[in-house]
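Numbering of residues begins at 1 and proceeds along the displayed sequence.
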Amino acid sequence: MRWSHLGHKDIVNVMDGSRLGRVGDADLVFDPATGAIEGMVVHSPGWLGSWLGALVGLRRQMTVPWSAVRRLGPEVLIIEFSAARLPRRAESPERW
């Protein structure tokens, strides 16, 4: 499957049912030695929206390990990620 086919899918956390963002807005994290996907940085829009929220620093992001991906459905990418790891401001992304 191509990344472009995943772009429109929502990322949903099965632990609490929250929508974290869209796959197309996420950045992949690769292992430089092997080229394997290690995780993805999910950008969630703030209350001002994605573009304006990023401009004023209210956009949130979190890094989700690739091992947290559980299912790929027709409309969603389902992850299992602890609710204790809440998104932080974009200036200080959370690492796993």
Practice item. List for me each residue that meets side-chain hydrogen bond (donor to acceptor under 3.5 Å, both in side chains) alongside Arg70, sequence neighbours excluded, and say none if there are none. Key: Glu80

Review point. Quick one: OG on Ser82 to CG on Asp16, what's the gap to the nearest 0.5 Å?
Key: 9.5 Å

Minimum heavy-atom separation for [X] and [Y], please, with both atom names.
{"X": "Gly35", "Y": "Phe30", "answer": "O-CD2, 3.4 Å"}
{"X": "Val42", "Y": "Leu20", "answer": "CG1-O, 3.5 Å"}
{"X": "Pro65", "Y": "Thr63", "answer": "CD-O, 4.0 Å"}

Shared hydrophobic cluster for [X] and [Y] (ILVMFWY, side-chain gaps under 4.5 Å):
{"X": "Ile78", "Y": "Ile11", "result": "no"}
{"X": "Val23", "Y": "Val64", "result": "yes"}
{"X": "Val14", "Y": "Phe81", "result": "no"}

Check your understanding: Under the salt bridge (Lys or Arg N to Asp or Glu O under 4.0 Å) test, which residues partner Asp31, sequence neighbours left out?
Key -> none

Practice item. Might you work through the side-chain contact (heavy atoms from CB on, under 4.5 Å) test for Trp66 and Leu28, ending with a clear yes or no? Key: CA-CA 9 Å; Trp66 196 251; Leu28 291 179; 4.1 Å; yes

Exercise for review: Given side-chain contact (heavy atoms from CB on, under 4.5 Å), test Met40 with Leu77 step by step and report yes or no.
Suggested key: CA-CA 12 Å; Met40 59 185 162; Leu77 176 74; 3.4 Å; yes

Practice item. Please confirm whether the backbone N or O of Met15 pairs with a side-chain atom of Asn13, one donor and one acceptor, at under 3.5 Å? Key: yes

**Study point:** Val76/Lys9 under side-chain contact (heavy atoms from CB on, under 4.5 Å): CA gap, chis, key distance, verdict
**Key:** CA-CA 5 Å; Val76 297; Lys9 296 180 187 297; 5.7 Å; no

